[in-house]
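Have a look at the structure below, then the notes.
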Amino acid sequence: MTTLSIRRLWKEYADQVVLENVNLEVRDNEFITIVGASGCGKTTFLRMLLGEERPTRGTFLIDGEPLPAEPGPDRGVVFQRYSVFPHLTVRDNVLLGLELARAPRLGRLFGARRRAALAEVDEMLHAVGLYEARDKYAAQLSGGMQQRLSIAQSVIKNPKILLLDEPFAALDPGLSADMHKLILGLWEHHKMNIFMITHDIKEGFELGTRLLVFDKVRLDPQAPNAYGATITYDIPLGVCGKPLLDELTTQTRRTERFVNKLAVA
Amino acid sequence: MRRIINLRPSTGSAVLLAALPFLLLLIAYLLGSSVRLAANPEDKLLPAFSKIGAAVQQYAIDPDPRTGEILLWADTAASLARLGWGLAISAALGLALGIVTGIVPYARAGLSAFIAAVSLIPPLAILPILFIVFGLGELSKVVLIVIGIAPFLVRDLALRAGEIPAEQIIKAQTLGASSWQLTLRVVLPQLLPRLLDALRLSLGSAWLFLIAAEAIAAENGLGYRIFLIRRYLAMDVILPYVLWITLIAFAMDYLLRRVTRAAFPWYAGNGK
Ligand SMILES: Nc1ncnc2c1ncn2[C@@H]1O[C@H](COP(=O)(O)OP(=O)(O)O)[C@@H](O)[C@H]1O
Ligand SMILES: [Mg+2]
């Protein structure tokens, strides 16, 4: 059972308001997709969930407790890139999480304990379709396989929350259907909460149980950094039609153009 | 006619081209030597090959009549021991301090300015201090090598540790890694091949400091021998010694490269 409660959350850097007045209640086992123009603080939001960043104001509770100040094993993460360990084989990449928990001093298992852990690892590798590649170094895998590996690596730890920051954005579009099936399967099987940022609004609709849109409500060319983004749409999925999709696309494009114009100026 | 930058030699001609400068140097030497010897048979600057051969026989094959040792081997052993200790201690220091300053913000705040300052001290300028503090024995020579190359290794490895993507460091923490486990399983193994690369780059300086220390105070060693016989203008001994040192340096470089490739297959695959 995992719940999240975010109330009147603000995040500011020096002279820039990134997020303002974000409110969110999350029940157990939700699959939340997050979309929004780039620069709207989606990654910043994820980094706060990770514990890498602190909110400037507001409360951020996980199961009623304040969020820990650093990343921990209850919150897994998959980034867009660089989220596997190139110097380890596929098997060792997945094994690592088990070894770290079971061998505090050396972070390495030997003998029978290693074999037992490897049995779990191989089961996970079968589930994500990487068993054949188990002895390859992660550095030798294709981008899509690295992302699968990174997902497997996190999921074997049975995290309460899995955070995905545009995990498929760098991949060949043909691969995303497979990836979607994989992530939905794991979500159903492992009963976790998933937060997934995506740049592709359609993907956001297809995957989640709930879609959040991060957007700036006020666009002030005189003071572009004075106002942050907040959650402008919170949509339970399964109810989406074409008009809503078009409306969201128009909204985020407007902000995107605004941000780009500022960047050029 | 294609642009010259697009003309590539075949494998065979590449080998020939590589050999060419060596051959030219050899020919120039032979010519110069015979011209000088014709003018003055006692000339010492460019000795004939027969004279060099006799010197090699005396230093590398026949035992020294006084000590019973073969001088070249004794010198090589002494020099390699100093070099080996110097490199090993520098590597250990480089790894330990490099990792700590690379990934622990408090250590970086406390140490990086100090290390940068130490690395600016010209090592040869403090050689007299080393001789005074550590005596004229082996220790001062090893310390000179360490002072000469360890700061470079520390700074290089700290940089490399900093280059490990932040994503990996975060990911490891979400897998439950403590700072110690993170060092042991994520940072250290990725720095080892980079350490070997950095060692290769510092081999030249290590030899420089070794030979300088041996030239000033030693009873054996390759650098000691060269500077000892310099007094007699014994080019017939100096030249083979220099060649030998070059050969050893080349072999060490080659060996380090092969070890890097064999021991860290993922590293070469990284393309870096
Ligand atoms: N550490 C930081 N210091 C200052 N500004 C930052 C920092 N991290 C992010 N920002 C700024 O916050 C804004 C939101 O960034 P981000 O969360 O990465 O957006 P998104 O993921 O939605 O594209 C950007 O304008 C970015 O420049
Ligand atoms: Mg982002």
Side-chain angles (χ1 to χ4, degrees), chain A residues 46-47 49-53 68 70-90 92-109 135-141 146 149-151 153-163 165, chain B residues 95-96 98-100 102-108 156-157 159-198 256-257 259-272:
Chain A
L46 220 69
R47 279 153 54 95
L49 271 170
L50 264 175
E52 220 194 316
E53 286 282 347
E70 55 179 7
D74 57 338
R75 286 152 293 143
V77 69
V78 175
F79 296 104
Q80 189 175 334
R81 292 152 43 130
Y82 303 127
S83 36
V84 291
F85 301 107
H87 62 293
L88 298 177
T89 62
V90 166
D92 286 338
N93 260 286
V94 180
L95 183 63
L96 183 65
L98 302 180
E99 291 185 305
L100 293 172
R102 295 173 196 178
R105 221 159 309 141
L106 288 181
R108 212 182 259 282
L109 293 172
D135 292 322
K136 282 198 176 152
Y137 282 100
Q140 300 166 323
L141 299 183
Q146 290 193 359
L149 178 58
S150 188
I151 292 169
Q153 196 174 34
S154 286
V155 170
I156 204 168
K157 297 286 287 181
N158 267 317
K160 291 198 243 178
I161 299 177
L162 181 61
L163 305 166
D165 192 352
Chain B
L95 262 187
I99 288 178
V100 170
I103 67 171
V104 181
Y106 268 94
R108 189 179 322 140
D156 189 65
L157 288 168
L159 267 180
R160 305 283 160 248
E163 275 172 12
I164 295 177
E167 285 91 339
Q168 276 187 38
I169 306 290
I170 302 282
K171 177 90 192 194
Q173 295 177 60
T174 67
L175 298 178
S178 62
S179 300
W180 167 247
Q181 289 177 320
L182 184 98
T183 303
L184 216 57
R185 295 297 318 270
V186 177
V187 181
L188 180 66
Q190 294 196 67
L191 284 189
L192 285 178
R194 290 167 173 93
L195 169 70
L196 295 188
D197 275 350
L256 279 173
R257 212 169 54 214
V259 168
T260 311
R261 217 179 302 159
F264 308 102
W266 51 270
Y267 183 62
N270 221 356
K272 282 184 199 155

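Order of the sequence lines fixes the chain letters, A, B, ..., with proteins taken first and strands second; residue numbering starts at 1 for each chain.
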(request) Can you tell which part of A:Arg81 gets under 4.5 Å to a heavy atom of chain B, answering side chain, backbone, both or neither? (result) backbone

(request) For the pair B:Trp266 (side chain) and A:Leu88 (backbone), establish whether a donor and an acceptor sit closer than 3.5 Å, ignoring hydrogens and angles. (result) no

(message) Can you tell me if B:Arg108 has over 12 outside heavy atoms packed within less than 6.0 Å of its CZ?
(response) yes

(message) Treating B:Gln181 as the side-chain partner and A:Ala103 as the backbone partner, does any N or O pair qualify as donor plus acceptor under 3.5 Å?
(response) yes

(message) Please check: side-chain N/O of A:His87 versus main-chain N/O of B:Arg185, any donor-acceptor pairing under 3.5 Å?
(response) yes

(request) Flag the one option from A:Ser154, A:Gly76, A:Ala101 with the top tally of heavy-atom pairs under 4.5 Å to chain B. (result) A:Ser154

(message) For the backbone of A:Val78 and the side chain of B:Lys171, can you confirm whether one donor and one acceptor N or O come within less than 3.5 Å of each other?
(response) no

(request) Specify the closest pair of heavy atoms between A:Tyr137 and B:Pro265, including all atoms of both residues, with the distance to one decimal. (result) CE1-CG, 3.5 Å

(message) Give me the atom names and distance for the closest heavy-atom approach of B:Thr174 to A:Leu50.
(response) CG2-CD2, 3.7 Å

(request) For B:Ala177 and A:Leu100, work out which heavy atoms get closest and say how close. (result) CB-CD1, 3.7 Å

(message) Counting only non-hydrogen atoms closer than 4.5 Å, can you tell me which residues of residues 161-169 of chain B sit against chain A?
(response) B:Pro165, B:Glu167, B:Gln168

(message) Only pairs of heavy atoms separated by less than 4.5 Å count here; which of A:Leu106, A:Asp92, A:Leu98 has the most with chain B?
(response) A:Leu106

(message) Can you tell me which of A:Gln153, A:Glu52, A:Arg75 forms the most heavy-atom pairs within a distance under 4.5 Å of chain B?
(response) A:Gln153

(request) Measure A:Tyr82 against the heavy atoms of chain B and call it side chain, backbone, both or neither at under 4.5 Å. (result) both

(message) Please classify the contact between A:Thr89 and chain B as side chain, backbone, both or neither, with a heavy-atom cut-off of under 4.5 Å.
(response) neither

